[in-house]
Amino acid sequence: MRPAPRPEKAEGLERRPVGKDDPVGVRTWIGQWPAVRQLAGDDPLGRGTAARRDGGMVDKPARTQDADTVTKSICPFCAVGCGQQIFSRDGAVTHVEGDPDSPISRGKLCPKGSSTLSLLTAPTRQKAVRYRRPHGTEWEDLDLDTALDMIVDRVLATREHTWQDVDDQGRHLHRTMGIASLGGATLDNEENYLMKKLYTAMGAIQIENQARI
Ligand code: SF4
């Protein structure tokens, strides 16, 4: 549906600087509030002209218009799992928007999800595994295969050294108290299922999630 033509500003609510010499300064200032302008105009539900901002943006091309690739993804921030569209040009991400095809979010993103582009492109983003050796004073980069091998070695050694086969009275325990898991709210159902399955198979019994705590 084409949006309705942009209305003239409501009488008496035009933007003016607020100052000592302004006889209706407070009224003018309040009149600049977006909600007041919305309610005073002819779009009180804020679905059309009231949702636009000034500055001639109507004729500007969309920020996503010149993308050469659009990839569907999932918001990385929380377990709601809102759908996203990742717009990129020449191999670089240029914009992230909500995916209208997502049955969960239907094209919407909350403020966190809307800032995903900043998360992806932040110059301080870490892209390598960082490791500080015991008693070390400096961080060093590790390649992913080396880091995963080190994790496997530590998990196997911990399990072996902390394994409890039977208790004091000879009853079977078959568990380790040396390994625990604390999941975060960004994990979805499928990830939580797989983690529970993995840790239980290893004999761990201390398996929790931040969202439950
Ligand atoms: S952080 Fe916001 S946009 Fe992202 S999945 Fe959660 S609710 Fe959706």
Side-chain angles (χ1 to χ4, degrees), residues 1-4 32-39 41 43-55 57-131 139 141-142 144 147-148 151 179-201 204 206-213:
M1 187 176 75
R2 290 178 64 81
Q32 292 174 354
W33 292 4
V36 175
R37 286 191 287 120
Q38 174 181 323
L39 294 172
D43 180 25
L45 295 180
R47 293 175 175 166
T49 52
R52 296 185 196 162
R53 66 179 185 181
D54 293 334
M57 296 300 290
V58 174
D59 299 328
K60 300 281 187 197
R63 285 170 293 181
T64 56
Q65 193 167 294
D66 55 356
D68 56 31
T69 310
V70 182
T71 308
K72 290 193 183 285
S73 186
I74 304 291
C75 175
F77 281 109
C78 90
V80 174
C82 298
Q84 290 183 325
Q85 289 185 321
I86 313 292
F87 295 82
S88 52
R89 185 177 61 247
D90 300 330
V93 177
T94 56
H95 199 62
V96 179
E97 292 207 339
D99 181 4
D101 293 337
S102 168
I104 297 169
S105 48
R106 298 179 184 173
K108 303 176 196 69
L109 294 173
C110 79
K112 271 193 301 180
S114 300
S115 70
T116 304
L117 179 66
S118 306
L119 178 78
L120 292 172
T121 57
T124 52
R125 182 181 176 191
Q126 292 296 333
K127 298 177 181 173
V129 178
R130 303 284 280 157
Y131 177 63
W139 291 92
D141 288 352
L142 292 182
L144 191 56
L148 285 173
I151 292 171
I179 298 173
S181 169
L182 177 60
T186 191
L187 297 169
D188 57 32
N189 280 349
E190 292 77 13
E191 290 163 331
N192 279 311
Y193 170 80
L194 290 172
M195 289 179 65
K196 173 76 169 90
K197 200 168 183 177
L198 170 67
Y199 286 113
T200 300
Q206 303 162 121
I207 305 163
E208 260 300 353
N209 187 286
Q210 167 225 332
R212 206 172 74 140
I213 292 174

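Just follow the structure's listing: the first ligand is 1, and inside any ligand the first atom is 1. Nothing here was measured: the structure is a model prediction, and the numbers come from that model. These numbers come from the heavy atoms of this one structure, side chains and all, not from hydrogens, waters or symmetry mates.
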CD1 (Ile104) and CD1 (Ile74) are apart, to the nearest 0.5 Å, by 6.5 Å

Quiz item: Checking only N/O/S atoms, does Cys75 have one that is under 2.8 Å from atom 4 (Fe) of ligand 1?
Solution: yes

Which of Gln85, Glu97, Arg89 passes side-chain contact (heavy atoms from CB on, under 4.5 Å) with Thr64? Answer is Glu97

Counting from 1 in the order shown, the ligand 1 atoms closer than 4.0 Å to a non-hydrogen atom of Phe77 are 1 (S)

dist Asn209:CG -> Ile207:CD1 (nearest 0.5 Å) comes out at 11.5 Å

For Leu109, the atoms of ligand 1 under 4.0 Å from one of its heavy atoms are 3 (S)

Query raised in the report: Any donor-acceptor pair under 3.5 Å linking the side chain of Gln38 with the backbone of Pro44?
Result: yes

Please determine whether Cys78 has a backbone or side-chain N, O or S atom lying under 2.8 Å from atom 6 (Fe) of ligand 1.
yes

heavy-atom search around atom 8 (Fe) of ligand 1 in the protein gives Cys82 SG, 2.3 Å

Say whether, by atom type as modelled, one donor and one acceptor occur between the side chain of Thr69 and the main chain of Ser88 under 3.5 angstrom.
no

re atom 3 (S) of ligand 1, the protein heavy-atom contact at minimum distance is Cys110 N, 3.5 Å

| said: In this structure, does ligand 1 have an atom that sits under 4.0 Å from one of the heavy atoms of Gly81? | reply: yes

Using side chain to side chain donor-acceptor pair (under 3.5 Å), reason through Ser105 and Ser102 one step at a time and then give a plain yes or no.
CA-CA 6 Å; Ser105 48; Ser102 168; 3.1 Å; yes

